[in-house]
Amino acid sequence: MTDSVVYDKLNGFPASMEEVRSRREKVKTLVVPHPRYSFIMSKIEEMHFYSKGSVQPESIFLSGETGVGKTTLLEEYRNRYPRSIIDGYTIVPVLYNKVPVGATPKSVAASLLRSLGDPAYDKGTENSQTARLLYFIKVCKVEMIIIDEFQHLIDRETKHVLNKASDWVKSFCDEAGVPVILCGMPESQKIFAHNAQLDRRFAEKIDMNRFCYTTREEQIEFRGFLKSIDEELPFYHKSFLADKKLSDRMFYATNGVPYYVNKILLEATTIAAKSGNDSLDENHLHEAFNMLKISNRPLVTNPFANEDFDILDAYELENRKRLDIKIS
Ligand SMILES: Nc1ncnc2c1ncn2[C@@H]1O[C@H](COP(=O)(O)OP(=O)(O)OP(=O)(O)O)[C@@H](O)[C@H]1O
Ligand SMILES: [Mg+2]
């Protein structure tokens, strides 16, 4: 979480470009620890702790759709354990890495070496890179490895699992001697289905879901998320995002995916600051929503600044339109 800063009142005077830029940066870096986020964070913390000095370090697979906040969470965890230099060696307590697209054993090893800071990351054969990587993991006192974008072990065009790279990951996890977190989209399940040994090593699988909004508890949770965000928005006054009226609209607009919540607020912040407003209102959100193109929801309607909006009706209408298109 970022420190709360009080933003100057604009009092109707448009913010300067510099000021808009700084407020946009604030929104972009806004992270709030909602319950699922905190649960997964403490799970990782525990796993990190229990694995220290253990004969068998623990490993988990974190799965979630695009935009739910997996990378945000893992990067925050990595940032809690910054690198340092001790006796001329760089100490890297948590190594974070993304599987490159079209992964091969060599490209995965090279990208891990690069994340560790090896300037010659792409030099040498696959075997020598792997040996160097295992050596650096010891020397840099790596305590945990995070491998994000795990679904890149599936070929984008053929949709086949890249078996050599997934076998390499399995052996690497065995030899690294530290806990490993694999993270990726739900389709990564296919990699586990193809590689029973990898599946066994990552028997513990955690889902990071988008917010839901059906039950009262789910609505309270989403509204709690909006309230925490509202408290951090770069405006002098609150925007009351968590009020039922705005929260219903915000949920419908985003389907509970934090990425879209952030995108709408980012554009709305720009519009509001440019017009000298000291909080966000529905017109800003309406305009911001119009700027978004949500390709998997071509039939979505703009819920903001619509007095007659009803979330159930809006979903029903969207579904009906989808069915009408399918039939015709
Ligand atoms: N806890 C949070 N609080 C506020 N905003 C969040 C939070 N988590 C994610 N977001 C917003 O959602 C955006 C997308 O998150 P992130 O990139 O971490 O998703 P992801 O699950 O890694 O998606 P992908 O699978 O596409 O990589 C973030 O840039 C941030 O704006
Ligand atoms: Mg990500």
Side-chain angles (χ1 to χ4, degrees), residues 1-4 23-45 60-80 94-101 103 111 115 145-154 156 181-191 205-212 218 221-234 239 241-242 246-247 250-251 253-270 280 285 288-289 291-297:
M1 239 200 320
T2 42
D3 291 335
S4 282
R23 292 185 187 214
R24 279 178 63 91
E25 284 311 302
K26 168 73 186 178
V27 177
K28 282 184 194 170
T29 53
L30 230 160
V31 178
V32 303
H34 54 80
R36 191 71 188 150
Y37 185 94
S38 303
F39 168 79
I40 297 173
M41 199 60 117
S42 43
K43 193 92 194 135
I44 294 174
E45 191 93 59
I60 50 175
F61 173 64
L62 176 62
S63 160
E65 293 166 66
T66 181
V68 291
K70 305 179 296 296
T71 302
T72 305
L73 182 146
L74 295 172
E75 286 185 342
E76 187 186 317
Y77 193 80
R78 187 258 327 261
N79 295 343
R80 286 184 186 182
V94 176
L95 176 64
Y96 172 87
N97 187 251
K98 290 182 176 171
V99 175
V101 173
S111 96
S115 299
I145 299 170
I146 298 172
I147 302 181
D148 199 354
E149 306 282 12
F150 189 57
Q151 72 280 354
H152 288 168
L153 288 179
I154 299 174
R156 276 195 179 164
I181 299 177
L182 294 181
C183 171
M185 308 242 290
E187 68 228 41
S188 308
Q189 192 53 46
K190 186 171 176 184
I191 305 163
K205 298 185 174 60
I206 308 183
D207 288 326
M208 189 165 197
N209 303 323
R210 61 168 84 176
F211 287 91
C212 297
E218 288 166 351
E221 194 173 322
F222 185 64
R223 289 171 70 180
F225 176 63
L226 293 180
K227 184 167 188 289
S228 306
I229 291 184
D230 197 8
E231 278 159 11
E232 302 276 334
L233 282 180
S239 303
L241 300 177
L246 265 188
S247 151
M250 206 57 172
F251 188 87
T254 62
N255 257 347
V257 177
Y259 171 81
Y260 290 117
V261 173
N262 187 273
K263 272 283 169 228
I264 292 175
L265 295 177
L266 179 66
E267 295 316 325
T269 293
T270 311
L280 302 182
L285 295 165
F289 184 82
M291 293 165 76
L292 277 188
K293 281 281 160 284
I294 309 179
S295 46
N296 62 353
R297 290 182 72 192

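Counting starts at 1 for both ligands and their atoms, in listed order. Atom set for the values below is all heavy atoms of this structure, side chains included, hydrogens, waters and symmetry mates excluded.
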Novice: With rounding to the nearest 0.5 angstrom, report the CE to CZ distance, M250 to F289.
Specialist: 10.0 Å

Novice: Start with the C-alpha gap between T270 and R24, add the side-chain angles, then the distance that decides, and say whether side-chain hydrogen bond (donor to acceptor under 3.5 Å, both in side chains) holds.
Specialist: CA-CA 7 Å; T270 311; R24 279 178 63 91; 2.8 Å; yes

Novice: Should you measure from each heavy atom of H34, which atoms of ligand 1 turn up under 4.0 Å away?
Specialist: 1 (N)

Novice: Judged by non-hydrogen atoms, does G67 sit under 4.0 Å from ligand 1?
Specialist: yes

Novice: Under 4.0 Å from a heavy atom of V32: which atoms of ligand 1 are those, numbered in the order shown and with their elements?
Specialist: 1 (N), 2 (C), 3 (N), 4 (C)

Novice: Considering only non-hydrogen protein atoms, determine which one is nearest to atom 26 (O) of ligand 1 and report residue, atom name and distance to 0.1 Å.
Specialist: T66 OG1, 2.5 Å

Novice: Which distance, rounded to the nearest 0.5 Å, do you find between the OG1 of T269 and the CD1 of I264?
Specialist: 11.5 Å

Novice: For a quick check under 3.5 Å, do E187 and Q189 share a side-chain donor-acceptor pair by atom type?
Specialist: no

Novice: With respect to K28, determine whether any N or O atom, backbone or side chain, lies less than 3.5 Å from an N or O atom of ligand 1.
Specialist: no

Novice: How long is the straight-line distance from CZ of R78 back to CG of L73, given to the nearest 0.5 Å?
Specialist: 12.0 Å

Novice: Could an N or O of ligand 1 be found under 3.5 Å from any N or O of P33, whether backbone or side chain?
Specialist: no

Novice: Examine ligand 1 and decide if any of its atoms is less than 4.0 Å from a heavy atom belonging to K263.
Specialist: no

Novice: Going by heavy-atom distance to atom 29 (O) of ligand 1, choose the closest among V31, T72, T71.
Specialist: T72

Novice: Kindly state whether the ring of F225 and the ring of F211 have centres lying under 6.0 angstrom apart.
Specialist: yes

Novice: Please state which option from G69, G184, P186 has its nearest heavy atom closest to atom 8 (N) of ligand 1.
Specialist: G69

Novice: Should the proximity of N262 to ligand 1, defined as any heavy atom under 4.0 Å, be assigned to the side chain, the backbone, both, or neither?
Specialist: side chain

Novice: Could you list which atoms of ligand 1 come closer than 4.0 Å to a heavy atom of P258?
Specialist: 6 (C), 9 (C), 10 (N), 11 (C), 12 (O)

Novice: Any idea which heavy atoms bring I154 and K190 closest together, and the distance?
Specialist: CD1-CB, 4.1 Å

Novice: Can you report which non-hydrogen protein atom sits closest to atom 13 (C) of ligand 1, along with the distance?
Specialist: Y259 CA, 3.7 Å

Novice: So does T66 have any N/O/S atom less than 2.8 Å away from the Mg ion (ligand 2)?
Specialist: no

Novice: Note the single closest protein heavy atom to atom 25 (O) of ligand 1, along with its residue, its atom name and the distance in Å.
Specialist: K70 NZ, 2.7 Å

Novice: Of all the atoms in ligand 1, which lie at a distance below 4.0 Å from a heavy atom belonging to L30?
Specialist: 4 (C), 5 (N)

Novice: Can you name the one residue among L30, L241, T254 that meets side-chain contact (heavy atoms from CB on, under 4.5 Å) with V261?
Specialist: T254

Novice: Applying side-chain hydrogen bond (donor to acceptor under 3.5 Å, both in side chains) to D148 and Y96, what does each step give before you reach the verdict?
Specialist: CA-CA 8 Å; D148 199 354; Y96 172 87; 2.5 Å; yes

Novice: How long is the span from the CG atom in L74 to the CD1 atom in I146, to the nearest 0.5 Å?
Specialist: 5.0 Å

Novice: What atoms of ligand 1 come closer than 4.0 angstrom to any heavy atom of Y37?
Specialist: 1 (N)

Novice: Looking at ligand 1, does any of its N/O atoms fall within less than 3.5 Å of an N/O of M185?
Specialist: no

Novice: Just which atoms of ligand 1 are under 4.0 Å from any heavy atom in E65?
Specialist: 21 (O)

Novice: Does the side chain of N97 come within less than 4.5 Å of I145's, by heavy atoms?
Specialist: no

